[in-house]
Amino acid sequence: MSRAARIGLFLAVVGAAGMLPVFLSSFRLFQFTQVCVYAIALMGLNLLTGYNGQISLGHGAFYAVGAYTSAIMMDRWGIAYGWTVPAAGLVCFVAGFLFGRPALRLEGLYLALATFSLALAVPQILKYFEHWTGGSQGIVLSKPQAPWGLRLTEDQWLYLVSLAVTAVMFLFAVNLVRGRVGRAMVAIRDNPVAAQAMGVDLALVKSLTFGVSAAYTGVAGALSAVAIAYVAPDSFNVFLSITFLIGIVIGGLASIWGNLFGALFIQFVPNWAQDISKAAPWAIFGIFLIGFMYVMPDGVAGAVRRLWIRLRSRRVSQKLGDDAVPSEAHPSTPQGHRRTT
Amino acid sequence: MTGRTRTAVLGAAVLAALGLASMASAQTPGVTATEIKIGNTNPYSGPASAYGTIGKAIGAYFKKVNDDGGINGRKINYITYDDGYTPPKAVEMARRLVEQDQVAVLFQTLGTPSNSAIHRYMNQQKVPHLFVATGATKWNDPKNFPWTMGYQPNYQTEGRVYAAHVLKNHPDAKVGILYQNDDYGKDYLKGFEDGLGEEAKKMIVLKQSYEATDPTIDSQIVNLKNSGATVFFNITIPKFAVQAIKKAHDIGWKPVHYLNNVSSSLGTVLKPAGLEASRGLITALYMKEVTDPQWRNDKGYLEWVAWMKKYYPEGALDDQFNAYGYNVAILMAYVIKQCGNDLSRENIMRQAANIKDLELPLLLPGIRINTSPTDFAPIEQEQLAKFDGERWVLFGDLFDAFRKQ
């Protein structure tokens, strides 16, 4: 896709999403705000797992840290939510970086276990520091009003803010993966030894990626605290981390825009499952998940990519005749990941 | 008309329609001439899913009400969603009920964390948040939260009842406590410690906590035994109460064992834990236990059984939660009936806050529902009972929290 077409598509999607407050009820906007929040969190996890190959089963912990940072700043120190979101990102960047350093020694399953321990520990730690976090009672927040006298409801304003943040984080992520750092990340994922031989500083890039990934998820957590107006340790259980993993696989590993579909999936499919069967909603969810994996094993982004290649190769073969037909299959990387363009 | 004018007219028409639609329901949301919408969230999945049968029982009772002609000519449209015992889902489902389904009231939403999450929202939206299925003390706060009302005797009161009994009957005991590390567990703990007063520091030798997401609490029980405790206050939800009772029995620990009321169901807790292992357990009751043969010929019990067989045949006849759901649904139907034809949210709240000496079929004799604009705790009386290997045997007098304070 040409650069102009890409920019046009981005603006069109953001524009269309921005129009939703006109058509949707407060409740639906609340749900779509959650979609934006999840999209940001999934972008974070995807940077780490999809692009850099480090599996994390603990991103719920960074989400919680972000949410609580925001809640504590708003509730205890009276700071406006606008400042708490970047602050949460910063705190989580540091937390992620600090976690990433010792985690350098760990690969694959061992890293997954280490991050899983984070997911288990954080809710309990939150309950322990009762003075700051309100313990198991949590912290109740107020939703912010639209500023500058704009005639928007709280839900509409929050949605637009979340949308704006999502768009900005999206651009930043795309920029990151297309640049030098992004190539270094992917190189480390595909072949760490070769990457090191080419001069990539493994330790630094991996830790930085962890930091950035945690920052993204922290920003998402902070936004969700404002949207739900309540944080409690019960909100950040182990299943949340697993849900994020589901989201990035559905959306497509090593894709930034695919995370939007992952977010839509993890927000709406559990509700659909509940509407279908009150008795066993998670069984239905499982069926959806399995079905999805069967039809689109590379996630939404992967499926679209393959479709695009097929369309493009057909167009090229039509232009050049049957002599020169590029292969349809993308060369597979050692771990079976599709590389991004 | 030009394209632009057409768009403007269409847009205006849409806005006008939306405006009209919202106005029509603004007066009495969730109510029409033929139906009233009642919303509910329950944990049908997750660690607290044992409670999910309450939501189903309520639905089954409302079906009976509808079959009998409804209330003042209106059928009950009962809408219930799963919140998995997690606050974010509870918020989402409550918003769905209030904003999308436009229910008149939220009824018997279950779980302290879920209700905590929607507490402020319900009061901001001015939607009756009635008879919440949690005994946390904070639901009785009409001054600050005039739209939220509790139902069962609150946890602090119950804790005090046990403390009073310990002080009277086991003044030299060493007390060990197992509690769930959240609002609910800490509420019970506070009531118990407050009830022991100055003796608390001396008597309590060990407190152990657990998370609702923990797979097992066996190690906590072992620790409690090793602390030398002779009295055990067991603050656990059903899933963990079973483990606690079983483990204590397995390791040969036989303290005076107080079990919180929320896990006192014979079918869900005592049977799986083992009836022999459960012998000697003490709890505080406010309802007739459906497994107690003394109620075999009781009118209220027989009506309940008949209803279960007809409307909720897949429900267990020894599960106290099914009796709980039935009882509280009767209370809700009563409030709706008292509203007559004025089913505005204000009037529903007013009627709920004006119940005098109401008897419900499955409350213990002598226990009455009482509410007033300053008293949002419908049930404030309890009686202690001991498990004799077969059923809960009541003993002692009715403990009236209202008068004790």
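Sequence lines set the chain letters: A, B, ... in the order given, protein chains first and strands last, and positions in each chain run from 1.
Taking 4.5 Å as the limit, some side-chain heavy atom of B/Met93 sits within range of a side-chain heavy atom of A/Asn271.
Proximity to chain B (any heavy atom under 4.5 Å) is shown, for A/Ser142, by both the backbone and the side chain. Heavy atoms of B/Asp187 lying under 4.5 Å from chain A are absent altogether. With a threshold of 4.5 angstrom between heavy atoms, A/Pro281 approaches chain B through side-chain atoms but not through N, CA, C or O. The contact between A/Ser26 and chain B is made by backbone and side chain atoms together, counting heavy-atom distances below 4.5 Å. With a 4.5 Å cut-off on non-hydrogen atoms, A/Gln31 touches chain B through its side chain but not through its backbone. Heavy-atom distances place both the backbone and the side chain of B/Tyr81 under 4.5 Å from chain A. Contact annotation for B/Arg96: both backbone and side-chain heavy atoms come within less than 4.5 Å of a heavy atom of chain A. Of the atoms belonging to A/Leu141, it is backbone heavy atoms, and not side-chain ones, that fall under 4.5 Å from chain B.
Atom CD of A/Gln267 sits about 4.5 Å away from atom CD of B/Glu92, to the nearest 0.5 Å. For the atom pair A/Tyr128 OH and B/Asn181 CG, the distance stands at 11.5 Å (nearest 0.5 Å). How far CG of A/Asp275 is from CG of B/Asp82: 11.0 Å, rounded to the nearest 0.5 Å. One finds the OH atom of A/Tyr230 at 11.5 Å from the CZ atom of B/Arg120 (value rounded to the nearest 0.5 Å).
A/Arg28 contributes no side-chain N or O that, together with a main-chain N or O of B/Gln100, makes up a donor-acceptor pair within less than 3.5 Å.
Within a 6.0 Å radius of NZ in A/Lys143, other residues, nucleotides and ligands contribute more than 12 heavy atoms. Heavy atoms of other residues, nucleotides or ligands lying less than 6.0 angstrom from CZ of A/Phe268 number more than 12. Atom CG of A/Leu109 is surrounded by 12 or fewer heavy atoms from other residues, nucleotides or ligands within 6.0 Å.
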For the pair A/Phe239 and B/Thr86, evaluate side chain to side chain contact (heavy atoms under 4.5 Å, CB included) and give the outcome as yes or no after the intermediate values.
CA-CA 11 Å; A/Phe239 193 63; B/Thr86 58; over 6 Å; no

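When each of B/Arg95, B/Glu99, B/Lys56 is checked for heavy-atom pairs under 4.5 Å with chain A, B/Arg95 comes out on top.
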